[in-house]
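To start, the structure itself, in structure tokens.
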Amino acid sequence: MLLGTFLLLLLLPGANPASAHAALRATNPADGSVVPAAPRSVTLTFTESVGLLDDSFRMLDPTGHRVPTGDAEHAGGHADTARIGLPAGLGRGTFTVAWRVVSADSHPVSGAFTFSVGAPSATAAPVPTGPTEDPLTAFLYGTARGAAYLAAALLIGTAAFVAVCRPTRVRPLRGLLRAGGWGLAGATVLLLVLRAPYETGDGPSAALDLDALGRTLTGRPGWALLARLALLAASALLLTHAARRARPSRTHLSLGAVLAVGLALTWAAAEHASAGIQVPLAMTSSVVHLLAMAAWLGGLTALLVLLRRDTPPLATVTRFSRLAMLSVTALAVTGLYQSWRGLGTLSALTDTSYGRLLLAKLAAVTALLTAADWSRRWVAERARATTPAERKEELRMPQPVGATRTETPAPDGLTERPPEAGTPRSPEAGTPRPPAAGTALTEPSSEGDAHRRALRRSVLVEVLVAAVVLALTTVLTGTLPGRAEAEAQATRQAAALPATSVVMAPFSVAGHRGTVQVTLDPARTGDNAVEAVVYGADGGLAAVPELRIAFTFPAQDIGPLNADLTDRGGYWATNAVNLPLAGTWTMKVTVRVSDVDQVTVERPVRVAR
């Protein structure tokens, strides 16, 4: 049923192709283009809003030396653009522009492109193709992110287990709460410190730069991490206050739920859900997904800790079984939606890294559900073997005659549950009546021990597989989603076919030597514009009395198709040349330098579909 729903969601059409992780949409000048004069600025346009760094651009001249540029800014105030001003007198040749920005979902993206002024140069600075981030910084940041997920599951899941399942013994769970709270605080501080070098691609030592830390604290990822620390402090105060009561009040439970939702929002506000399509729905789904994950996986860990020495009462295990079922349902619904949103198409499951990681996570979740199903059946069998009266009796704890209801508050907000008042006592000597046979899951018989060991093994398998699921989830949060990868691939393919075709046609006639630079825009089937500039032997602009261009398509015996060029004062141009077929055309350029002297040269031109 889940697989069918999953495929159905994948086949539903998306509202827009854009998703999290910014993809480069266009550059001006275009990648690989040749412009007649040096531009005054370089502008990049992305598929979503981006954040700019102090060193977002590096521009290299044909010799590999860095060109001084202006500060990076958003063009026209549009958040999905990045622009730098260029100095005057840039010169001729091929220039390389390397860029690095931070996408709206907090992940840095980078790349490089080239353009030429006048004509491509014989030498050019190499385009960076290797990694643009420090491996150690990336490893530490990824590890801290995974530790944060694990700690959140322990903290939120253990608290939910205590509040919903109401175990009679909560002292063993204090360590989980402390580990979750301190672990999440430590991971958050580490993420906050490493955020600046993670964005810029520098080594961990760059974390000591106070200016960089200041920039982190004023950005959205920094705000989310600071909010997480504040919520953790409020959670600690709430647990301390709740420890003074016999059991948490409704106010405590309500405040705890609000704090849990707030903690989950600190992830949703700075990850994939915060950018792309359907952001409000995506953030809501992300919060529900994280809370359900924590309730299930953190609750499993809490149950495993209780199973180390004894089997919890049947009522506690039954309540957790219901909580786990509710969590799995929420995970399935939100996971299907997030998969559709991140993939977009069914082919992305196998064609993208995000899709393949998602398949691996789906396999791990399937194994987790298999183990969970065995545990659930075990609980159901135990429940059927116990009568209603015995289950009610199990909830009662024996209490000596004359004992009073006292409790000792725990420092971390967990209080040992006191004995229930009104426990039935045996009529002999006022001693408490022992529980009915078979009412508890901790029966002393060897059969009961075997059942407990079987349940413990099953829960242990669930916890181990859950750790793998968490690891895959951490990797997924840092992986380019399938939608964005498809759009980036389409952008790269479009860049591979330049928007314009620039052809250089050298000529020599009657002592006149020069070159005609012909630009065909967009170099695709249909109407095209043609611009031609004549350069003399010294590289300067040259005036000629006449310039003619014609196109033929030998493969289909089409042509010549004449381009009616007109002299526009320094260059020749026309906007009305129709090339009906895709393929390699032959362009004939005729240059007349005097009343009787002219020459015709031929050059191939590639026309795309």
Side-chain angles (χ1 to χ4, degrees), residues 23-47 57-64 67 69 75 81-99 110-129 488-506 515-535 539 541 549 563 568 570-575 577 579 582 584-585 587 589 603-609:
L24 181 63
R25 188 188 299 276
T27 65
N28 184 20
D31 185 16
S33 65
V34 179
V35 295
R40 299 305 304 270
S41 63
V42 170
T43 304
L44 279 65
T45 304
F46 297 89
T47 56
F57 287 90
R58 289 183 298 111
M59 184 169 173
L60 307 178
D61 63 18
T63 63
V67 177
T69 63
T81 63
R83 180 176 63 187
I84 54 169
L86 302 182
L90 197 59
R92 296 168 58 86
T94 302
F95 293 83
T96 302
V97 180
W99 54 270
S110 58
F113 68 97
T114 63
F115 69 92
S116 301
V117 178
S121 55
T123 61
V127 178
T129 57
Q489 180 64 26
T491 302
R492 287 192 292 268
Q493 291 175 352
L497 295 173
T500 59
S501 177
V502 179
V503 180
M504 309 301 292
T515 301
V516 181
Q517 176 183 294
V518 181
T519 302
L520 185 65
D521 183 13
R524 298 182 184 276
T525 55
D527 290 332
N528 284 262
V530 178
E531 291 185 0
V533 180
V534 181
Y535 295 100
L541 294 178
I549 296 178
R568 299 187 179 180
Y571 69 99
W572 299 72
T574 182
N575 293 323
V577 177
L579 304 177
T584 302
W585 290 68
M587 180 179 67
V589 181
R603 286 292 183 271
V605 176
R606 177 69 179 173
V607 176
R609 189 175 303 278

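Numbers here simply count residues along the sequence, with the first being 1. Computed from a prediction, not measured in an experiment: that's the story for all the values here.
For the side-chain contact (heavy atoms from CB on, under 4.5 Å) test with Phe115, the passing option among Asp31, Thr27, Val42 is Val42; the others fail.
Nearest heavy atoms, Tyr535 versus Arg92: CE2-NH1, 4.3 Å. Summarising the geometry of Gly118 relative to Val34, their closest heavy-atom pair is O-CG1, 3.5 Å, with the distance given to 0.1 Å. Here the closest heavy-atom approach between residue Ala529 and residue Asn575 is recorded as CB-OD1, 3.6 Å. Contact record, Pro522 with Asp527: CD-O, 3.8 Å, taken as the closest heavy-atom pair. When every heavy atom of Pro29 is checked against every heavy atom of Ser41, the shortest pair comes out as CD-O, 4.2 Å. In this structure, Gln517 and Met504 approach most closely via the heavy-atom pair CG-SD, 3.6 Å.
Taken to the nearest 0.5 Å, the CD1 atom of Ile84 stands 11.5 Å off from the CZ atom of Arg58. Residue Phe113 holds its CZ atom at 7.5 Å from CG of Leu24, rounded to the nearest 0.5 Å. For the atom pair Thr69 OG1 and Arg83 CZ, the distance stands at 13.0 Å (nearest 0.5 Å). Taken from OH in Tyr571 to OG1 in Thr519, the straight-line distance is 11.0 Å, to the nearest 0.5 Å. Atom-to-atom distance recorded for Leu90:CG and Arg40:CZ is 10.0 Å, nearest 0.5 angstrom. Atom CG of Leu44 and atom OG1 of Thr81 lie 9.0 Å apart (nearest 0.5 Å).
Side-chain contact between Leu520 and Leu579: present, with at least one pair of heavy atoms (C-beta onward) separated by less than 4.5 Å. Side-chain contact between Val117 and Pro39 is present, with heavy atoms from C-beta onward closer than 4.5 Å.
A perpendicular orientation is assigned to the rings of Trp99 and Phe46, their planes being inclined by more than 60° (bins at 30° and 60°).
Side chains of Ser116 and Thr94: a donor-acceptor N/O pair is present below 3.5 angstrom, by distance only.
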